[in-house]
Number of protein chains: 2
Amino acid sequence: MADIARLAGVSVSTVSRALSGSPLVNAATKQRVAELARSLNYSINVGAQNLRLKQNRTVAVIVPFDPETRQHLSDPFFLAIIGSIADALTDRGYDMLLSRVDANTLDQAAQFHGTGRAVGIILIGQWHHHDQLNQMALRGVPLVVWGAQLSGQIYASVGSHNQIGGEQATAHLLAQGARRIAFLGDPELPEVGLRYAGYLNAHERAGITPDPQLMLPVAFVRESVQAAVRELHARGVPFDAVFAGSDLVAMTTTSTLRSLGVNVPEDVLVAGYDDIELAAHFHPPLTTVRQPIVEAGEALVNCLLSQLAGERPQSVLLPTELVVRESTQTTTA
Amino acid sequence: MADIARLAGVSVSTVSRALSGSPLVNAATKQRVAELARSLNYSINVGAQNLRLKQNRTVAVIVPFDPETRQHLSDPFFLAIIGSIADALTDRGYDMLLSRVDANTLDQAAQFHGTGRAVGIILIGQWHHHDQLNQMALRGVPLVVWGAQLSGQIYASVGSHNQIGGEQATAHLLAQGARRIAFLGDPELPEVGLRYAGYLNAHERAGITPDPQLMLPVAFVRESVQAAVRELHARGVPFDAVFAGSDLVAMTTTSTLRSLGVNVPEDVLVAGYDDIELAAHFHPPLTTVRQPIVEAGEALVNCLLSQLAGERPQSVLLPTELVVRESTQTTTA
DNA sequence: CTGAAAGCGCTAACAA
DNA sequence: TTGTTAGCGCTTTCAG
């Protein structure tokens, strides 16, 4: 900037003003400065500008990871949500700082705000860290979490209406004639817990008591799912449908069943949750509960930005939609 | 920081030194400062620090988008690569700034470096922008791109050995008895072009001349693939196998064929490229050419950081591996 | 319309 | 061992 000033024969203040389009500066000078800047391939140092202005247009998006499994970022749904956040942020003129932090020391996430690197934080997945998140919110960190809305929640969350989603899927399976529906997913996770609650609700409404043996608390990991399905099969516990906690689990279940000689949907109906892009192209095409991904990104970003604008944190429940495909069509249909 | 200094009864320089663990400062003072900092919930302002130090530990990861389709970030393979870069960067202590830029004004990407926001740039996908990328490299922007290695390339690239991958898949299909293998993918894209070259090579080596009608230049979009497959079928052009430019295309092809009453692998063999996680769980499990995702992230990051360390840009060709699954098993096998 | 000067939060000589 | 001072690159009063 000093160089430009020298070359243009003006002061740095003038250059600064010219570059920021201030009306105070002579059009001719403005022109000259602009050209010089271009020819020198110059652009403003955002760091210095932020320092001076105490502003910042960066949002940190954090994906917690389990330090033991050191598991990689791979669930297509989470990945897709990141994509949609990236889009929403770009639209609003914000940058996205993507980072992974150890789930056990989630407070690290707050550092992105504390150190002035980001104006706020979007956290993907609340897992078991409800309390830590409340702490952060209490400390005044602008925060939005993708997950379930829990009672006693101080931070804002955005998520689909998991309980209704769970009901929709289960009610559909029951309507298709299923009577012994296995549930696959870890109900300790708030979102999955609500989906399970929906599962129970739907049963109750139908006047059916689900067999507790059909509740398989698997983690969202391939091996865990395969093991659970194989064991259920080996134990000879009869079941005529599966409601999986995510599409990935549903797909793994389907292929595991097939390897055991059990066909979907002829022998067992399978429904998932998420409606990832591939669900429609799976064989059989997967019935699932859609979580609106594009809206999710927008809602997360809106929620964060409105907090920054001084409004009170306002959680959002996104509508779910049951997408019926062949994986739950009884062959007679 | 000034507050801490006042409270601790020392100067800011001492605080600065204490916080940075300088050996010059008295252990007692250091202790006191550390406690104060913790209790005030203070942490260093990275922006100011960077400004002063002229350093920076963030890397910009850029995904170009086509402004017309304004297409969202959704290909699982790209998403997975982003995940793996995030991991690699986290391991090396770098932050990742994720952004999407209009593919037509790719130079914008250079701004992240120009404005001091990032030390270097990782670009996902070179598409048709070889020249622009060379320009950027020429201007001295530290840059790595995921894509093919082209002649006359100044920037560094990391990618799988697309031609060999194409050969592997095609040779496998030929070995399985296929004689009329359709190729689906836009050969204008450097990576796909090389895969196609591999396809041609394998044919030549087998002494077979592929029918030009079997070359379907589809974009990597669902609709495009469906349309192409339907048209091929409608025109009555016979084919006994498909080599798809990506797993997503292969899966779409499979489900489109199925809707036309053509079964995989009984009537037509299908092979893909990428080996995304779902490929193994697809039905039928998909034969594909694996691009090593974890290594990809590491290689991209290494390549960029070594440039920053002053070494010459060094492109990397990652090995591919043919993963044979049921989608290419002739039923008699 | 333009320039001089102060200062954003931090670090690094240089002195003491 | 610690404090003083200058300055990273920028913006913005306050005077001209």
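All values below were derived from every heavy atom in this structure, side-chain atoms included, with hydrogens, water molecules and symmetry-related copies excluded. None of these values were measured; they are calculated from a predicted model. Chain A is the first sequence line, chain B the second, and so forth, proteins listed ahead of strands; every chain is numbered from 1.
- Residue B:L53 is in sugar-phosphate contact alone, with no base atom involved, counting any heavy-atom pair closer than 4.0 Å across all strands shown.
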Inset, instruction - Show your reasoning for whether side chain to side chain donor-acceptor pair (under 3.5 Å) applies to A:T14 and A:S11. - result: CA-CA 5 Å; A:T14 304; A:S11 71; 3.2 Å; yes
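- A:F77 and A:W146 have tilted rings, their planes meeting at an angle from 30° to 60° on a 0 to 90° scale.
- Across every non-hydrogen atom of B:V119 and B:L308, the tightest pair is O-CD2, 3.5 Å.
- Residues A:Q126 and A:P190 come closest through the heavy atom pair OE1-CB, 3.5 Å.
- Chain B approaches DNA chain C over the interval C:dG9 to C:dA13, counting the first and last nucleotide 5' to 3' with an atom under 4.0 Å from its heavy atoms.
- Annotation for A:H113 and A:P142: closest pair NE2-CD, 3.4 Å, computed over non-hydrogen atoms.
- Looking at which nucleotide of DNA chain C each of A:S13 and B:A2 is closest to, the 5′-most match is held by A:S13.
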Inset, instruction - Would you check, one step at a time, whether the test side chain to side chain donor-acceptor pair (under 3.5 Å) holds for A:Q111 with B:S43? - result: CA-CA 7 Å; A:Q111 295 311 312; B:S43 49; 3.1 Å; yes
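- Across all non-hydrogen atoms, the minimal contact from A:D102 to A:Q108 is N-OE1, 4.2 Å.
- Mapping B:K30 and B:R52 onto DNA chain D by nearest heavy atom places B:K30 closer to the 5' end of the strand.
- When heavy atoms are screened at a 4.0 angstrom cut-off, B:S20 is found touching no nucleic acid atom at all.
- Side-chain contact between B:D95 and B:R57 is absent, with no heavy-atom pair separated by less than 4.5 Å.
- Residues A:V25 and A:S22 come closest through the heavy atom pair CG1-O, 3.1 Å.
- Scanning residues 40-50 of chain A for heavy-atom distances under 4.0 Å to DNA chain C yields an empty list.
- In 5' to 3' order, the nucleotides of DNA chain D bounding all contacts with chain B (an atom under 4.0 Å from a heavy atom) are D:dT1 to D:dG9.
- Comparing B:P23 and A:T14 along DNA chain D, the residue whose closest nucleotide (by nearest heavy atom) sits nearer the 5' end is B:P23.
- The shortest side-chain heavy-atom distance between A:Y155 and A:V141 does not fall under the 4.5 Å cut-off.
- Proximity of A:R117 to A:T58: side-chain heavy atoms (C-beta onward) are nowhere separated by under 4.5 Å.
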